[in-house]
Amino acid sequence: MRIYLIAIAFFGLLLARCARETIIELPEEPPKLVAICHFTDGQHFRAKISISKPVNDAGKPYFPDDVDATLSINGNFWDRLRPDTTDKENITYWESNQVKIARSEVQYSFSVRVSGYPTITSSSKIPAHVPLQPVLLTTGDITVSPLNETLNELRVPLALRLTQLPADNHYFAFNLTHETNVYDPADPSQVDFTEEGSTNFLADGRTFSLLHDIPEPVVLVNENFWADGRQTLLLIARIPFIPGTERPNRIFVEWRTLSPEFYRYHLSLSRQGGNLPLNDPDAVFNNILDGYGNFSGYSVSIDTIQIPQF
């Protein structure tokens, strides 16, 4: 035992001698404009514009109010963004004119000028949408099991199949929500009101490892998921409900086709939180020239899946 304790002490001494304090000199970068703007067909452009900070500054960002932000198409001026004055303390967002909405397959250029900072520019477009095939369910497809003393859980298998797999640019994201009817137990045929909520889901290990949670309210599908030519994303929706007073009625699938700029930016954000301690961090994708951030488009559709009676 004495020899064993001496060996442990000697090994601990070796570890202590291996520890060394290292000072890393981070390069100083001059402040630049930061702009985040995601846009889709039929909606207004909405850009968040701020000033970058040093890496050791944990304070709140500064939002300038003397912003000149413009959009152009094919080099021709198209619109000037206006400040959103909802926040009385800071003008955080700048919006396009009410009659100026985004359109698919149009290459937009974005430019922001603020006195004292380099002008930033970027460009992107809304990609052609790749929709899903309709999903039809039967009673035999779904299962119900007790979740706890008051809740049951409805499990609904979903096969989200692309109408076609593009030759390249397999950039997609999705979001699931559901609608639940609430009724009086004395009269189940009379719906009092409906509630809508976010839908959890299950997936196999390979699928789950290729999905990424991102700041947008969607789940990003890694492009490698489609590498073997598969066209179907298999999920199991999980919907808790109170038996006797609630009945899940419909599932809504938001399906996005992403521009390369949208996909690469959000994939790089996801990887920032997934690096191992000894790995080099992935750089955040940036398509803002002379500044930081992301200007990117996406197309979207909402599919409604009726849940059969159970």
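Numbers here simply count residues along the sequence, with the first being 1.
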Should the heavy atoms of other residues, nucleotides or ligands under 6.0 Å from NZ of Lys32 be counted, would the total exceed 12?
-> yes

In terms of side-chain heavy atoms, does Asn287 have a donor or acceptor partner in Ser122 at a distance below 3.5 Å?
-> yes

Is Arg46 salt-bridged to Glu95, going by a charged N under 4.0 Å from an acidic O?
-> yes

So among Phe110, Tyr298, Phe295, which one has a ring pair (Phe, Tyr, Trp, His ring centres under 6.0 Å) with Phe39?
-> Phe295

Distance-only donor-acceptor check, side chains Asp84 and Thr86, under 3.5 Å = yes

Report yes or no: do Gln306 and Asn249 form a side-chain donor-acceptor pair below 3.5 Å?
-> yes

Report, one line per pair, each donor and acceptor closer than 3.5 Å where one atom sits in a side chain of residues 170-177; sequence neighbours left out.
unit_1 : atom_1 : unit_2 : atom_2 : d
His170 : NE2    : Pro166 : O      : 2.6
Asn175 : ND2    : Pro217 : O      : 3.4

With a 4.5 Å heavy-atom cut-off, do Leu137 and Ile305 have their side chains touching?
-> yes

About how many Å separate CG of Leu269 and CZ of Arg264, when rounded to the nearest 0.5 Å?
-> 14.5 Å

Look at the side chain of Ser259 and the backbone N and O of Ser296, then say whether any donor-acceptor pair between them is shorter than 3.5 Å.
-> no

Hey, could you give me the CG/OG distance between Asp41 and Ser301, rounded to the nearest 0.5 Å?
-> 11.5 Å

May I ask you to decide if the ring planes of Phe45 and Trp78 are parallel, tilted or perpendicular, using 30° and 60° as cut-offs?
-> perpendicular

Are Thr139 and Pro308 side-chain neighbours, meaning at least one heavy-atom pair lies under 4.5 Å?
-> yes

Answer yes if the ring centres of His38 and Phe262 are under 6.0 angstrom apart, and no otherwise.
-> yes

Sidechain-backbone polar pair: Ser299 side chain, Pro127 backbone, donor-acceptor under 3.5 Å = yes

Which pairs pass salt bridge (Lys or Arg N to Asp or Glu O under 4.0 Å) with one or both residues in residues 143-168, sequence neighbours excluded?
-> Glu153-Arg155, Glu153-Arg238

Side chain of Asp228, backbone of Arg230: donor and acceptor closer than 3.5 Å?
-> yes

Name the orientation class of the two ring planes belonging to Phe310 and Phe241 (parallel below 30°, tilted from 30 to 60°, perpendicular beyond 60°).
-> perpendicular

Transitively linked via ILVMFWY side-chain contacts under 4.5 Å: Tyr93 with Ile120?
-> no

When clusters are formed by joining ILVMFWY residues with side-chain heavy atoms under 4.5 Å apart, either directly or through shared neighbours, do Phe252 and Ile239 land in the same one?
-> no

Is the backbone of Val130 close enough, under 3.5 Å, to the side chain of Thr257 for a donor and an acceptor to pair up by distance?
-> yes

Please answer whether the main-chain N or O of Leu162 pairs with a side-chain N or O of Gln231 as donor and acceptor at a distance below 3.5 Å.
-> yes

Is Glu105 salt-bridged to Arg103, going by a charged N under 4.0 Å from an acidic O?
-> no

Thinking salt bridges, do Arg206 and Asp204 make one under a 4.0 Å N-O criterion?
-> no

Side chain to side chain, Asp184 and Gln190, heavy atoms closer than 4.5 Å = no

What residues, two or more places apart in sequence or in another chain, satisfy side-chain contact (heavy atoms from CB on, under 4.5 Å) together with Phe77?
-> Thr70, Arg80

Pairwise distance CG(Leu235) to CG(Leu211) - rounded to 0.5 angstrom | 7.0 Å

Which distance, rounded to the nearest 0.5 Å, do you find between the OG1 of Thr232 and the CG of Leu132?
-> 9.5 Å

If you round to the nearest 0.5 Å, how far is CD of Glu179 from OG1 of Thr194?
-> 4.5 Å

Rounded to the nearest 0.5 Å, how far does CD1 of Ile214 lie from CG of Leu220?
-> 5.0 Å

When hydrophobic residues are tied together by side-chain contacts of less than 4.5 Å, even through go-betweens, does Ile91 share a cluster with Tyr117?
-> yes

Can you get from Leu210 to Trp226 by hopping between Ile, Leu, Val, Met, Phe, Trp and Tyr side chains that sit under 4.5 Å apart?
-> yes

Would Asn222 and Asn224 count as having a side-chain donor-acceptor pair, cut-off 3.5 Å?
-> yes

Quick one: does Thr163's side chain have a donor or acceptor within less than 3.5 Å of a partner on Pro131's backbone?
-> yes

